[in-house]
Amino acid sequence: MDGLQFMHRSLAPGRRLWAALVLVAVAAVVAVLVGRLATRAYLDEAAARGQTTLRLAVAALRGHMNRFEPLPALIADHDDIKELVADPGNAGLRARANDYLEEINALLQSSDIYVMVPDGETIAASNHQGPASFVGGNFSYRPYFQDAMTGEQGRFFALGTTSQKRGYYFSSPVRIGGAIRGVVVFKVDLDAIEASWMGGEHAIFVSDPEGIIFMSGRPEWLYSGLLPLTADRLARTQVSRRYSDAELRELPITGRTVSDGRELISVETGDKVREYLALAEPMPEAGWTVNILTDTASARAQAITAVAAALLLLGLAALAAAIVMQRRARLADRMELQRTARAELERRVEERTADLALVNRQLETEVAERRATERQLRQTQADLIQAGKLAALGQMSAALSHEFNQPLAAVKTYADNAAVLIDRERMAEARDNLARISGLADRMASLGRHLRNFARKPNEKLGAVPLADTIRDTLEIVAARLKAADACVNVDLGTLPLAVRAGSVRLQQVLVNIISNAADAVEGREGRTIDIVARRKSGKVTITVRDRGPGVPAAIAERIFDPFFTTKGIGKGLGLGLSISYNIVKDFGGSLSVGNHEEGGAVFTIELEAARLPATEAAE
Ligand code: ADP
């Protein structure tokens with residue numbers, strides 16, 4: 001990732017430079033294009049405005065002059081004038097004509113009206129009374145006089161040689177009987193119109209055919225030439241003395257261009273050069289051209305504003321583009337980061353997977369080892385069982401002799417007694433002894449069968465076993481042992497005969513074991529009484545065997561029912577008695593437990609299901 005970031009960083013300045021160059025190029029192109037378009041548009045607008053102003057100026061001029069145009073002919077037709085030109089020397093007629101002209105001039109608000117005779121001398125004038133009276137003046141050099149003398153209506157504009165006032169001259173011949181005997185001239189003042197051109201956005205002026213400015217809204221431009229003042233031009237102007245003695249000069253034009261059909265001229269005014277849009281409309285009837293110059297400064301300023309706005313827009317667009325690009329770049333970076341992170345994650349997952357696979361393989365190996373170990377264990381267990389079986393077989397043999405010793409001792413006693421009784425011919429008693437021997441033999445056979453079935457569930461059927469008989473038989477078996485221990489037994493079976501659900505031989509076996517243990521426990525002690533108590537309670541019969549021995553310590557209480565657990569010395573105990581007894585009682589569906597009596601001694605409790613007492617002895 002670091003490498004990638006470095007790459008981005010190292011590329012960025014180059015890209016930025018490129019972007020800046022492109023932006024500058026685009027800006028230049030935009031500036032030029034927008035500049036051109038905007039300049040053209042604003043100049044068009046300025047031109048339209050100028051054109052309107054020009055039209056208005058032309059219309060005003062034309063209207064003004066049209067008002068006066070027919071007047072000279074009208075005056076020339078007046079009787080007083082006609083009479084005067086017919087008799088120019090008549091002082092009365094002159095005075096009348098002077099008054100008339102003065103009156104008409106005041107009425108028509110024209111500049112001057114005067115009458116000339118064919119040699120050019122002025123014989124009557126509206127300003128006959130003023131200091132600059134035209135009377136006596138000769139204006140034969142004026143084209144309007146020459147035109148009128150040829151019978152035409154004359155028109156001319158010029159600076160008055162006498163009045164030094166500019167004006168427009170209309171002239172008309174005075175005919176008497178078809179001959180031209182004089183000329184009436186009407187001079188119209190143009191100052192009012194010129195005054196209306198002063199100031200304002202546009203420079204309006206009138207130029208003569210030689211390009212010299214005759215009327216102008218800018219007084220400083222008067223008598224300036226739009227065209228170079230060549231000798232020809234000056235000579236032609238001199239002939240008509242249009243400008244009297246006024247000083248002619250050239251307009252300080254520093255540049256003149258024509259583009260898109262527009263004429264642009266630069267004029268030096270004061271110490272500044274201003275650019276103007278030049279428009280002109282010729283007025284052929286007046287013999288001049290009306291010009292209008294519109295300052296292009298505002299159009300150019302507007303164009304510059306447009307360019308600035310366009311550049312601003314471009315800048316904003318570039319900024320937006322830059323932001324978008326930066327965002328994109330950031331997004332790309334982020335995506336790259338995510339991609340890298342994903343790749344890293346995938347790599348880690350792969351690593352983990354590989355680790356897991358390794359662990360898995362290890363586990364499989366372990367499982368295989370475990371299985372092998374388990375197999376080995378089973379084998380060992382089987383071997384152990386086999387060994388255990390062999391050991392048990394040996395112990396069983398010992399147990400057998402242990403279990404058989406007591407009845408055998410009884411048999412021997414009965415047999416010895418029987419022999420003595422036969423010697424004394426006490427046959428009945430001897431028979432009784434033999435019967436007992438036979439019974440004991442049966443029991444031993446049964447015991448053998450039982451021991452044989454020690455490991456398996458015996459086939460002996462369970463039935464109701466009368467408790468009184470079983471205990472009586474048991475006591476017979478253990479009588480020798482009890483006697484040897486010098487112990488006495490108290491039996492309390494309650495008032496009602498009790499029966500339990502069991503197998504009688506095995507129940508005897510259980511009782512023999514427990515009573516034998518009790519005898520062992522009390523042997524050589526102070527109290528050697530063993531209590532056997534049986535009680536029935538809610539469908540169960542409880543048989544307790546209590547001795548007055550040392551009792552069973554809590555530490556071994558749980559283990560005394562384990563096979564081969566014994567505290568007795570070698571050759572004395574096998575530790576099988578209680579284990580067998582426990583299993584037998586369990587087979588009967590009952591329970592065997594041990595506890596200690598509060599006054600000392602162990603208490604073994606056999607709990608069995610109560611049974612209904614049968615008529616005969618339970619089946620074995
Ligand atoms: P063995 O009598 O061959 O030792 P048992 O299974 O009959 O085998 O008894 C196991 C052990 O239980 C005895 O060794 C003895 O320690 C203990 N025990 C059995 N009965 C009594 C009793 N009445 N009082 C004290 N301890 C007893």
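Start at 1 and go down the list; that is how both ligands and their atoms are numbered.
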### Query
Would you call Phe561 a ligand 1 contact, heavy-atom distance under 4.0 Å?
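It does not; every heavy atom stays at 4.0 Å or beyond.
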
Under a 4.0 angstrom heavy-atom cut-off, which atoms of ligand 1 come close to [X]?
X	answer
Asp547	22 (C), 23 (N), 24 (N)
Thr566	1 (P), 4 (O), 14 (O)
Phe565	10 (C), 11 (C)
Ala521	22 (C), 23 (N), 24 (N)
Ile560	12 (O)

Under-4.0 Å salt bridge between [X] and [Y]:
X	Y	value
Glu374	Arg371	no
Glu336	Arg339	yes
Asp469	Arg472	yes
Glu344	Arg347	yes
Glu476	Arg436	yes

### Query
ligand 1 and Ile556, any nitrogen or oxygen pair closer than 3.5 angstrom?
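No, since none of the N or O atoms of Ile556 sits under 3.5 Å from an N or O of ligand 1.
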
### Message
Counting only nitrogen or oxygen atoms and a 3.5 angstrom limit, does Asp520 reach ligand 1?
### Response
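No, no N or O pair falls under 3.5 Å.
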
Side-chain atoms of residues 588-605: list all donor-acceptor pairs with protein atoms under 3.5 Å, sequence neighbours left out, distances to 0.1 Å.
| residue | atom | partner | partner atom | Å |
| --- | --- | --- | --- | --- |
| Asn596 | OD1 | Val552 | N | 2.7 |
| Asn596 | ND2 | Val552 | O | 2.7 |
| His597 | ND1 | Glu599 | N | 3.1 |

### Task
Please identify each residue that fulfils side chain to side chain donor-acceptor pair (under 3.5 Å) with Arg40, with sequence neighbours left out.
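Arg40 satisfies side chain to side chain donor-acceptor pair (under 3.5 Å) with Asp260 only.
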
#### Entry: Closest candidate by heavy atom, reference atom 25 (C) of ligand 1, pool Gly551, Gly549, Ala518
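The residue whose heavy atom sits nearest atom 25 (C) of ligand 1 is Gly551.
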
